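Here the structure comes first, spelled out in C-alpha cells, and everything after it is commentary.
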Amino acid sequence: MRLILLGPPGSGKGVQGELMQKRLGVPRISTGDMFREAIQKKSEESADLRAYLEAGKLVPDAVVLRTVEKRLSHADCANGFILDGFPRTVFQGESLEQMLQKRQLQLDCVLSLEVPTTVIIDRITSRRVCSKCAAVFNVKTSPPPADGVCLKCGGSIIQRSDDCEETVLNRLMVYDEQTKPLKDFYRQRKVLTEITGQGTVEEIHGRILAALEQ
Ligand code: AMP
C-alpha cells in the first residue's frame with residue numbers, strides 16, 4: 001500500500017505513521033527525520049539543512065526530491081510506503097507523481113489529519129522527542145521518563161529546536177501557504193480522505209484503519 005500522511009506539524013503524522021508501519025508492514029518515510037539524521041551525522045549539507053529546519057523554512061526542492069527518490073528505490077519500498085512530511089508543495093506532489101509513473105505505480109490513499117491550530121500549538125510546544133530513536137512524548141499527555149533518558153534506546157529526550165512557539169507559528173504559516181493546496185490537488189485525483197486528528201492515539205488510528213478499509 002502506498003500512502004501519504006498529510007497534515008500540519010503536530011497533527012500526529014509521526015505517531016500514526018509509526019502505527020501504520022507496524023500494521024501494514026511497509027516503511028514510514030519521514031523527510032523531516034531524514035534531514036535531522038543528516039544534521040546529526042554532520043553530512044556535507046548539514047549546516048544548510050540546520051538553518052532551514054531551525055527557521056521552520058522548507059528545504060529546497062532539489063535536495064528533498066533527491067533524498068526521496070533515493071529512499072524510494074530501496075528494496076523495503078517494493079510493497080509500498082507511508083510518506084510523512086512529503087510532499088509539502090504542489091510541485092513536490094507533481095514530482096512524486098512522475099517518480100511513481102516512472103515505476104508504473106500509483107498512490108492508494110492520501111490521509112489528511114485535521115486538527116485546529118490552537119490544539120496544534122499546544123501539542124507541539126509540549127512535544128519532546130528522543131534524540132536517538134525519535135520516539136515522541138508529550139509533557140502533558142504522555143510524559144517522558146523523569147531522568148530524560150529514553151526507555152527504548154537510552155537516548156536523551158529533548159525538545160526539537162523547531163518546536164519553540166516562534167518557529168511553530170512560522171511552520172504553520174508555511175503549511176497554510178504551501179502545503180494546504182495539496183489537499184485540492186489530491187481531492188481532484190480522488191484519493192484524499194480527511195481524518196479528525198483529535199482524540200486518543202488509538203481513536204485516531206481506528207479512524208485511519210476504517211478509512212483504509214473503505
Ligand atoms: P517535519 O519533521 O516533517 O515537521 O519536518 C521538519 C522540517 O524539515 C520542516 O520544517 C522543513 O524544514 C524540513 N522538511 C521536511 N520535509 C520537507 C519537505 N518535503 N520539503 C521541504 N522541507 C521539508
Side-chain angles (χ1 to χ4, degrees), residues 1-33 36 56 80-86 88 107-165 167-169 171-172 174-176 179-180 182-183 186-187 191-214:
M1 182 164 278
R2 285 172 286 276
L3 285 182
I4 293 177
L5 284 174
L6 210 60
S11 56
K13 301 188 297 298
V15 171
Q16 294 300 329
E18 283 294 320
L19 292 176
M20 298 308 293
Q21 163 168 294
K22 284 184 197 137
R23 179 88 187 195
L24 301 175
V26 294
R28 163 183 166 252
I29 298 176
S30 155
T31 39
D33 280 355
R36 281 183 286 276
F81 47 75
I82 301 158
L83 291 174
D84 163 0
F86 175 88
R88 248 177 160 97
L107 274 179
D108 293 299
C109 191
V110 178
L111 298 164
S112 174
L113 292 174
E114 306 293 320
V115 185
T117 306
T118 44
V119 176
I120 294 274
I121 295 172
D122 185 54
R123 264 194 204 172
I124 304 192
T125 51
S126 310
R127 175 161 70 183
R128 300 292 180 271
V129 294
C130 170
S131 58
K132 205 167 155 197
C133 73
V136 181
F137 304 86
N138 180 297
V139 287
K140 293 181 185 164
T141 56
S142 55
D147 60 0
V149 177
C150 178
L151 288 175
K152 284 189 205 161
C153 74
S156 37
I157 292 162
I158 55 158
Q159 180 172 35
R160 271 170 50 174
S161 55
D162 60 345
D163 277 352
C164 64
E165 191 158 348
T167 310
V168 169
L169 292 175
R171 288 163 66 202
L172 287 171
V174 170
Y175 177 81
D176 275 343
T179 310
K180 231 181 187 173
L182 271 173
K183 284 178 63 178
Y186 286 121
R187 199 174 279 125
V191 284
L192 184 83
T193 302
E194 290 178 321
I195 305 278
T196 303
Q198 279 181 279
T200 64
V201 168
E202 293 73 23
E203 281 165 352
I204 301 164
H205 182 55
R207 282 178 211 139
I208 291 179
L209 294 181
L212 290 181
E213 266 170 30
Q214 285 173 14

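Bear in mind that the values here come from a model prediction, so they are computed numbers and not experimental data. One-based numbering along the sequence shown.
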*salt bridge (charged side-chain N to carboxylate O under 4.0 Å, His left out) assessment of D163 paired with R171*: CA-CA 9 Å; D163 277 352; R171 288 163 66 202; 3.0 Å; yes
*asked:* Checking R23 against E18 for the salt bridge (charged side-chain N to carboxylate O under 4.0 Å, His left out) test, could you report, in this order, the C-alpha distance in whole Å, the side-chain angles of both residues, the deciding distance, and whether it holds?
replied: CA-CA 9 Å; R23 179 88 187 195; E18 283 294 320; over 6 Å; no
_Show, in sequence, the C-alpha distance, side-chain angles and deciding distance for K180 and Y175, and conclude whether the side-chain contact (heavy atoms from CB on, under 4.5 Å) test is met._
CA-CA 6 Å; K180 231 181 187 173; Y175 177 81; 3.9 Å; yes
*Give the C-alpha distance, both sets of side-chain angles, the deciding distance and a yes or no for side-chain contact (heavy atoms from CB on, under 4.5 Å) between L19 and V201.*
CA-CA 9 Å; L19 292 176; V201 168; 3.5 Å; yes
*Carefully, step by step, assess V110 and R187 under the rule side-chain contact (heavy atoms from CB on, under 4.5 Å).*
CA-CA 9 Å; V110 178; R187 199 174 279 125; over 6 Å; no
_Determine whether Q198 and E203 satisfy the following criterion, side-chain contact (heavy atoms from CB on, under 4.5 Å), listing intermediate values before the conclusion._
CA-CA 8 Å; Q198 279 181 279; E203 281 165 352; over 6 Å; no
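Formation of a donor-acceptor pair under 3.5 Å by the D108 side chain with backbone atoms of R2 is found in this model. Put simply, the side chain of S131 gets close to the backbone of S156: a donor and an acceptor are under 3.5 Å apart. Judged by distance alone, the side chain of Q159 and the main-chain N or O of T125 form a donor-acceptor pair under 3.5 Å. T167 places no side-chain N or O within 3.5 Å of a backbone atom of G56 that could act as its donor or acceptor partner.
Between the CD atom of Q16 and the CG atom of L113 there is a distance of 6.5 Å, given to the nearest 0.5 Å. Distance check: K132 NZ to I158 CD1 gives 13.5 Å after rounding to the nearest 0.5 Å. The line from CZ of R127 to CG of D122 is 12.5 Å long, rounded to the nearest 0.5 Å. Distance CG/L107 to CG/L3: 8.5 Å, rounded to 0.5 Å. Here CD1 of I4 is found 11.0 Å from CG of D84. Values are rounded to the nearest 0.5 Å. Considering CD1 of I124 and CD1 of I120, their distance stands at 6.0 Å, rounded to 0.5 Å.
Contact detail for K152 and A135: the closest heavy-atom pair is NZ-CB, 3.9 Å. When all heavy atoms of P145 and L151 are compared, the pair lying nearest together is CG-CG, 3.9 Å. Of all heavy-atom pairs between I29 and F81, the closest is CD1-CB, 3.9 Å. Nearest heavy-atom pair, P144 versus F137, reported as atom, atom and distance to 0.1 Å: CA-CD2, 3.5 Å. Of all heavy-atom pairs between S112 and L192, the closest is CB-CD1, 4.0 Å. Of all heavy-atom pairs spanning G154 and V149, the tightest one is O-CG1, 3.6 Å.
In this structure, the side chains of V115 and R123 come closer than 4.5 Å at one or more pairs of heavy atoms. Proximity of E114 to I195: side-chain heavy atoms (C-beta onward) are nowhere separated by under 4.5 Å. Contact of the R160 side chain with the R128 side chain is not registered, since no non-hydrogen atoms from C-beta on lie closer than 4.5 Å. For the pair T117/L172, a side-chain contact is recorded, criterion being any heavy-atom separation below 4.5 Å from C-beta on. With a 4.5 Å cut-off on side-chain heavy atoms, I121 and L169 count as touching. Contact annotation: the side chain of P9 never approaches that of V168 to less than 4.5 Å [non-hydrogen atoms, C-beta and beyond]. For the pair C133 and C150, the minimum side-chain heavy-atom distance is below 4.5 Å. Residues R88 and V174 are not in side-chain contact: their nearest non-hydrogen atoms beyond the backbone lie 4.5 Å or more apart.
Judged as a side chain to side chain contact (heavy atoms under 4.5 Å, CB included), and not counting sequence neighbours, P143 has no contacts. Residues satisfying the side chain to side chain contact (heavy atoms under 4.5 Å, CB included) criterion with L5, sequence neighbours excluded, are K13, I82, L111.
Applying the side chain to side chain donor-acceptor pair (under 3.5 Å) definition to pairs two or more places apart or across chains, none involves residues 205-214.
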